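Take a look at the structure below.
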Amino acid sequence: MSDVAKPKNPEDDWKIWLVVNPATWLMPILLTVLAVAIAVHWVVFAVGLGWGA
């Protein structure tokens, strides 16, 4: 493992897009983020920590 170069961030951050193709994964990622945000808001309002807290 010593011959493997360690990543130099942020210079090597662009390499993630060689694995995660935005044309394929951008919309599913954004929809997942939207679903998580809606779920968090739903829980917060259900617990009673909404606008009138």
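None of the values given here were measured: they were computed from a predicted structure.
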Look at the side-chain heavy atoms of Ile, Leu, Val, Met, Phe, Trp and Tyr, link any pair under 4.5 Å apart, and say whether Val36 and Val43 land in one connected group. yes
State yes or no: do Phe45 and Ile38 share one hydrophobic cluster built from I, L, V, M, F, W and Y residues joined by side-chain heavy-atom distances below 4.5 Å, directly or via other members? no
Distance col, row Leu34:CG vs Ile29:CD1, nearest 0.5 angstrom, shows 14.0 Å
Is the backbone N or O of Lys8 less than 3.5 Å from a side-chain atom of Asp12, with the two atoms forming a donor-acceptor pair by type? yes
Using the rule that Ile, Leu, Val, Met, Phe, Trp and Tyr join whenever any side-chain heavy atoms are under 4.5 Å apart, tell me whether Val47 and Trp42 fall into a single cluster. yes
Should Val33 and Met27 be counted in the same cluster of Ile, Leu, Val, Met, Phe, Trp and Tyr side chains packed under 4.5 Å apart? no
Where is the tightest heavy-atom contact between Trp17 and Pro22, given as atom of each residue plus distance? CE3-CG, 3.7 Å
